[in-house]
Amino acid sequence: MSSLHPHTFLVAPGGRLHGSVRVPGDKSISHRAIMLGAIAEGTTHIAGFLEGEDSLATLNAFRQMGVHIEGPHQGRVTVQGVGLHGLQAPSAPLNLGNSGTSMRLLAGLLAGQAFDVVMTGDDSLSRRPMRRVTEPLRQMGARIDTTEKGTPPLHIHGGTRLKAIDYAMPMASAQVKSCLLLAGLYAQDGLTTCVTEPAPTRDHTERMLKGFGYPVTNKSGKACVSSGHRLTATAIDVPADISSAAFFMVGASIAEGSDLTLEHVGINPTRTGVINILRLMGANIEILREREIGGEPVADIRVRASRLRGVVIPRDQVPLAIDEFPALFIAAACAEGETVLAGAEELRVKESDRIQVMADGLLALGVDARPTPDGMIIRGGGLSGGRINSHGDHRIAMAFAMAALRANDPISIDDCANVATSFPGFIALARDAGLDISAVIDVTGVEHSFLTPGSV
Ligand code: S3P
């Protein structure tokens with residue numbers, strides 16, 4: 001990844017968020033648009049593509065497998081689909097950087113190819129559990145090696161005829177579900193692969209497969225695909241990412257006098273846990289101009305400051321807000337009373353251990369935050385300033401940037417380079433909205449210089 005990324009964010013205390021902003025494209029949908037476009041027949045045109053490092057890792061992986069892809073140019077990408085059986089063996093390992101979604105979904109898509117592939121990642125991805133996909137893929141007959149701990153690199157041995165399975169997922173994971181549905185496209189003899197989820201998870205794969213003309217059934221938490229059909233190229237308009245919008249929803253809710261509109265945000269009901277939880281806490285959130293674009297619901301979201309109160313987070317909202325807890329913990333720290341989260345042990349195996357890293361950061365700001373094995377108990381109150389280590393986790397960095405809106409003193413956040421994985425241009429956009437944030441980059445290893453906001 002480029003050495004010109006800012007390493008440290010400096011955020012001045014106070015301020016408010018106002019105006020209208022459009023955050024970058026949805027990461028989950030951007031990954032899937034490249035993957036399905038690549039194995040479709042014909043040319044797929046994508047608009048609003050997230051030009052972040054994670055979705056670019058997926059794009060580059062398909063280029064390495066012989067797919068001709070133009071762009072991205074201002075969010076526009078053209079993918080010349082090669083059909084289900086047109087991918088070619090890459091000449092080198094696929095390096096997927098920080099992106100768990102790329103690795104887990106590709107594991108399914110590549111398990112039934114004729115060729116071998118090795119997939120690697122950065123330090124964080126190299127620590128993340130992959131057995132959740134390799135075990136069910138093995139049940140389908142795939143041959144995949146991991147380290148002894150079940151972590152990357154993954155070595156997928158090609159030339160295997162996959163069997164269909166009917167799999168009950170032990171955890172609510174859209175990545176596992178999507179991995180198995182993609183593998184199911186390659187099962188032999190038109191057989192049907194089904195995945196049952198213990199709780200609803202994001203359904204972009206199912207929606208987008210249908211958008212490419214591929215039949216999918218989805219009833220009572222069970223999604224099924226049969227092999228033997230084909231994908232037909234289409235046009236995809238990627239909405240703004242609700243997971244990126246979430247930082248601004250929390251910022252506008254906690255900063256007195258804020259009135260901010262987030263434009264063209266994807267509000268797929270499998271992603272709106274953050275809105276439901278914030279509203280339960282007393283947030284003032286209006287959904288405006290609701291519309292449907294390419295099979296995904298989209299709206300503008302107006303958020304005005306309000307007094308938040310602590311809540312017990314309903315368990316059924318956890319998978320629907322799984323990426324938004326760093327931001328929600330900041331909301332809880334600014335709320336009156338106690339917020340209790342349980343049933344969220346998945347947070348421990350994200351880009352960082354988000355329970356521990358968030359609790360450490362909140363404690364550094366003087367917040368009463370008690371981590372539990374599967375969640376956190378936070379007593380709202382004042383925030384001091386302080387120094388936070390984001391542990392290279394993009395969402396932790398952005399969550400603490402918003403915390404400064406309610407802090408008494410400046411907050412500095414270390415190890416922020418990975419914000420570029422999901423939110424290129426975060427600093428400039430946050431400044432436009434009213435956050436007093438700047439980035440410091442370690443150029444020489446000794447000196448520090450300030451970047452202009454537009455450069456990040
Ligand atoms: C994603 C699913 C979620 C989420 C991740 C993206 C996806 O992971 O945390 O950022 O695009 O399918 P899990 O499905 O493992 O919870």
Side-chain angles (χ1 to χ4, degrees), residues 24-36 49-50 52-55 57-58 96-109 121 124-125 127-136 150-152 167 169-183 195-209 221 223 238-239 241-247 266 268 270-274 296 315-328 343-355 374 393-396 398-399 418-419 421-423:
D26 188 279
K27 185 150 76 74
S28 293
I29 296 177
S30 295
H31 282 300
R32 287 157 172 83
I34 297 287
M35 292 181 192
L36 299 193
F49 180 77
L50 169 66
E53 288 169 359
D54 277 13
S55 37
T58 291
L96 301 166
N98 195 244
S99 179
T101 307
S102 307
M103 190 172 284
R104 294 202 179 112
L105 270 58
L106 279 174
L109 199 154
S124 156
L125 183 53
R127 283 193 297 268
R128 295 184 68 185
M130 291 295 147
R131 284 203 181 109
R132 54 183 58 203
V133 291
T134 57
E135 282 304 325
T151 52
Y167 188 67
M169 272 194 300
M171 76 286 285
S173 167
Q175 292 181 347
V176 176
K177 173 178 65 175
S178 302
C179 163
L180 299 178
L181 293 176
L182 292 172
V195 187
T196 305
E197 48 190 11
T201 67
R202 65 192 69 191
D203 63 358
H204 305 301
T205 303
E206 298 91 304
R207 285 175 188 249
M208 202 183 285
L209 277 169
V238 182
D241 197 328
I242 190 167
S243 297
S244 297
F247 303 106
N268 179 317
T270 60
R271 298 284 299 280
T272 47
V274 61
E296 290 279 352
R315 289 225 180 192
D316 62 353
Q317 294 300 312
V318 171
L320 311 181
I322 195 65
D323 290 338
E324 285 65 76
F325 285 106
L328 286 166
E345 56 280 351
E346 279 294 305
L347 293 180
R348 292 207 177 264
V349 289
K350 293 293 179 190
E351 285 84 328
S352 70
D353 174 346
R354 286 185 176 159
I355 293 176
D374 65 343
D393 186 326
H394 54 141
R395 300 202 197 282
I396 303 244
M398 291 185 276
N418 280 336
V419 165
T421 61
S422 68
F423 203 142

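Only a predicted model underlies this, so the values are computations on that prediction, with no experimental measurement involved. Whatever order the structure lists ligands and atoms in, that order sets their numbers, starting from 1.
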S.K.: Kindly determine whether Thr201 and Lys177 satisfy side-chain hydrogen bond (donor to acceptor under 3.5 Å, both in side chains), including the steps that lead there.
M.R.: CA-CA 9 Å; Thr201 67; Lys177 173 178 65 175; 3.0 Å; yes
S.K.: Listing by chain and number, which residues have a heavy atom under 4.0 Å from ligand 1?
M.R.: Ser28, Arg32, Thr101, Ser173, Ala174, Gln175, Arg202, Ile322, Asp323, Lys350
S.K.: Would you check if there is a donor-acceptor pair between the side chains of His204 and Ser28 at a distance under 3.5 Å?
M.R.: no
S.K.: Do Arg202 and Asp323 meet the salt-bridge criterion of a basic N to acidic O distance under 4.0 Å?
M.R.: yes
S.K.: Consider only side-chain N and O atoms of Arg32 and Thr58, and report whether a donor and an acceptor are under 3.5 Å apart.
M.R.: no
S.K.: Judged by modelled atom types alone, do Thr205 and Ser178 share a side-chain donor-acceptor pair under 3.5 Å?
M.R.: yes
S.K.: Looking at Ser124 and Asn98, would you say the former's side chain and the latter's main chain have a donor-acceptor pair under 3.5 Å?
M.R.: no
